[in-house]
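Right, one structure below, let's go through it.
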Amino acid sequence: MRRQKAPRREVKPDTKYNDKLVGRFISILINQGKKSLAEKIVYHTLDIVTQKMSKQDPVEIFKKAVDNARPLLEVKSRRVGGATYQVPIEVSSSRGIVLALRWMKNFANTKKGKPMEQKLADEIISAYKKEGSVIKKREDTHRMAEANKAFAHYRW
C-alpha cells in the first residue's frame, strides 16, 4: 500500500499586503532560493498594475486576474487496457489557482526585452481583461477536456 498523502502546508501571507494569494505568488516566483528578490519583483509589479489601472486596489485586480485565468477542467492520462486516454477531470480550487499563477510566471518568463516586473504586470492586466496568453492557455485546456468528454467514464 502507498504511504499517506503529505499534509497541506499553511501558506503564509506576504508582508506588505498581508494576503495569502500574493504570498503564494511570491513562493512560485522564487528562483534559486532568493525570496527577497521575488518579493521585490511582486511588489513592484503590483505598483505598476496600480499605475496602469488608474489607482484601483492592486490586490483585487490580481485576485480577479487569477480567478479569470483559473482552469475548471483539465485532462489527465489514464492507461486502460494498453491504451492511454486523456480523461477530463475537474480541477480543485487550490490546484486551479496554482496552475494560473504558474502559467502567469511562465508566460512572463518567455517574453523578452522588458524587466520581469513589467512583463508580470502585463500578464496580470491582460488576464484581468480576459485576454492574453494565460486566458488562451485556459481556453485550450478547457477545449481539450471538452474534446475528450467521451472518456469521462474512465475517471476514478
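Please read all numbers here as calculations on a predicted model, not as lab measurements.
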inquiry  = Looking at Glu123 and Lys105, is any side-chain nitrogen of the basic one under 4.0 Å from a carboxylate oxygen of the acidic one?
reply    = no
query = Using the benzene-type ring in the case of Trp, are the ring centres of Phe25 and Phe62 under 6.0 Å apart?
reply = yes
query = When rounded to the nearest 0.5 angstrom, what is the spacing between CD in Glu90 and CZ in Arg95?
reply = 14.0 Å
query = Taking atom NZ of Lys136 and atom CZ of Arg143, what is their separation to the nearest 0.5 Å?
reply = 7.0 Å
Pair up each side-chain donor or acceptor in residues 41-52 with any protein partner under 3.5 Å, not counting sequence neighbours, and list the distances.
from: Tyr43; atom 1: OH; to: Asp14; atom 2: OD2; distance (Å): 2.9
from: Tyr43; atom 1: OH; to: Thr15; atom 2: N; distance (Å): 3.3
from: Tyr43; atom 1: OH; to: Thr15; atom 2: OG1; distance (Å): 3.2
from: Tyr43; atom 1: OH; to: Lys16; atom 2: N; distance (Å): 3.3
from: Thr45; atom 1: OG1; to: Ile41; atom 2: O; distance (Å): 2.7
from: Thr45; atom 1: OG1; to: Glu117; atom 2: O; distance (Å): 3.4
from: Thr50; atom 1: OG1; to: Leu46; atom 2: O; distance (Å): 2.7
from: Lys52; atom 1: NZ; to: Asp122; atom 2: OD1; distance (Å): 3.0

query = Which heavy atom in Gln56 sits nearest to a heavy atom in Tyr128, and how many Å separate them?
reply = OE1-OH, 3.7 Å
Taking every non-hydrogen atom, the tightest pair across Pro88 and Phe151 = CD-C, 4.3 Å
inquiry  = Would you compute the distance between atom CD of Glu146 and atom CD of Glu139 and round it to the nearest 0.5 angstrom?
reply    = 11.5 Å
task = Mark yes or no for whether Asp67, through its side chain, and Lys63, through its backbone, hold a donor-acceptor pair below 3.5 Å.
result = no
inquiry  = So, taking the atom named NZ in Lys12 and the one named OG in Ser27, what distance separates them when rounded to the nearest 0.5 Å?
reply    = 9.0 Å
inquiry  = Can you tell me how far apart CE (Met116) and CG (Leu37) are? Round to the nearest 0.5 Å.
reply    = 10.0 Å
note = Taken to the nearest 0.5 Å, the spacing of Lys35 NZ from Ile26 CD1 works out to 7.0 Å
